[in-house]
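Take a look at the structure below.
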Amino acid sequence: QVQLVESGGGLVQPGGSLRLTCTTSASIFSINSMGWYRQAPGNERELVASISRGGNTVYNDSVKGRFTLSRDNTRTTVTLQMNSLKPEDTAVYYCNVKQERSWTDKLLDVWGQGTLVTVSS
């Protein structure tokens with residue numbers, strides 16, 4: 001079973017920075033994309049940033065210019081560098097892998113356990 005191991009998160013003041021890291025046990029050949037989602041209380045889970053197998057990244061408009069998603073050479077670890085954090089960035093952040101399977105075109109969403117990011121003075 002594919003596992004995702006997340007690290008990072010915590011409490012930071014507005015304007016501060018945090019880094020989230022996620023490592024997957026999934027085979028790189030099965031990973032369609034990898035990235036981070038977040039969910040604030042009362043809100044739906046939303047995409048923060050993701051990177052495709054080919055290395056293309058997409059960002060939520062609200063984090064463009066402040067957050068950077070990168071991937072290591074093994075393509076099994078992604079890091080989300082979050083700068084200029086705002087109180088509205090407060091949420092539980094979830095690592096996500098969209099996994100391909102040979103018997104179907106439907107991708108499988110694999111989720112981490114989530115890590116809390118709190119931006120507050």
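- Here the shortest heavy-atom pairing between Cys22 and Leu4 reads SG-CB, 4.1 Å.
- Taking CD of Gln99 as the reference point, atom CD1 of Ile31 lies at 7.5 Å (rounded to 0.5 Å).
- Listed by chain and number, the residues in a side-chain hydrogen bond (donor to acceptor under 3.5 Å, both in side chains) with Thr77 are Thr23 (sequence neighbours excluded).
- Residues forming a side chain to side chain contact (heavy atoms under 4.5 Å, CB included) with Thr74 (at least two apart in sequence, or on another chain): Asp72, Thr76.
- The hydrophobic clustering, which links ILVMFWY residues whose side-chain heavy atoms are closer than 4.5 Å, places Tyr59 and Val78 together.
- Contact between Ala40 and Thr90 at its shortest, heavy atoms only, is CB-O, 3.7 Å.
- The hydrophobic cluster of Val5 has no other members, since no ILVMFWY side-chain heavy atom comes under 4.5 Å of it.
- Residue pairs satisfying the ring pair (Phe, Tyr, Trp, His ring centres under 6.0 Å) criterion with at least one member in residues 6-33, sequence neighbours excluded, are absent.
- Listed by first and then second residue, the salt bridge (Lys or Arg N to Asp or Glu O under 4.0 Å) pairs that reach into residues 84-96 are Arg38-Asp89, Arg66-Asp89, sequence neighbours excluded.
- For Glu100, the salt bridge (Lys or Arg N to Asp or Glu O under 4.0 Å) partners at least two apart in sequence or on another chain are Arg53.
- Connection of Trp36 to Leu108 is established within a shared hydrophobic cluster, with ILVMFWY side chains joined at heavy-atom distances below 4.5 Å, either directly or through further cluster members.
- Pairs passing the side chain to side chain donor-acceptor pair (under 3.5 Å) check and including a residue from residues 108-121, sequence neighbours excluded, read Asn96-Asp109, Lys98-Asp109.
- Other residues, nucleotides and ligands place no more than 12 heavy atoms under 6.0 Å from the CD atom of Gln3.
- For Asn73, there are no side-chain hydrogen bond (donor to acceptor under 3.5 Å, both in side chains) partners, not counting sequence neighbours.
- Residues in residues 77-104 take part in no ring pair (Phe, Tyr, Trp, His ring centres under 6.0 Å) pair, two or more places apart or across chains.
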Please output the side-chain donor-acceptor pairs of residues 10-21 that fall under 3.5 Å, not counting sequence neighbours, one pair per line with the distance.
{"from": "Ser17", "atom 1": "OG", "to": "Asn83", "atom 2": "OD1", "distance (Å)": "2.9"}
{"from": "Arg19", "atom 1": "NE", "to": "Gln81", "atom 2": "OE1", "distance (Å)": "2.8"}
{"from": "Arg19", "atom 1": "NH2", "to": "Gln81", "atom 2": "OE1", "distance (Å)": "3.2"}

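- Atom-to-atom distance recorded for Phe67:CZ and Met82:CE is 5.5 Å, nearest 0.5 angstrom.
- From Ser70, atom OG reaches atom CD1 of Ile51 across 7.5 Å, with rounding to the nearest 0.5 Å.
- Other members of the cluster containing Leu107 do not exist, because no ILVMFWY side chain is joined to it at under 4.5 Å.
- When hydrophobic clusters are built by joining Ile, Leu, Val, Met, Phe, Trp and Tyr residues whose side-chain heavy atoms come closer than 4.5 Å, directly or via intermediates, Tyr37 is not grouped with Val119.
- You'll find the side chain of Thr24 reaches within 4.5 Å of the side chain of Met34, heavy atoms only.
- Here the shortest heavy-atom pairing between Leu80 and Val48 reads CD2-CG1, 4.0 Å.
- Gln39 contributes no side-chain N or O that, together with a main-chain N or O of Val92, makes up a donor-acceptor pair within less than 3.5 Å.
- For the salt bridge (Lys or Arg N to Asp or Glu O under 4.0 Å) test, no residue two or more places apart in sequence or in another chain qualifies with Asp105.
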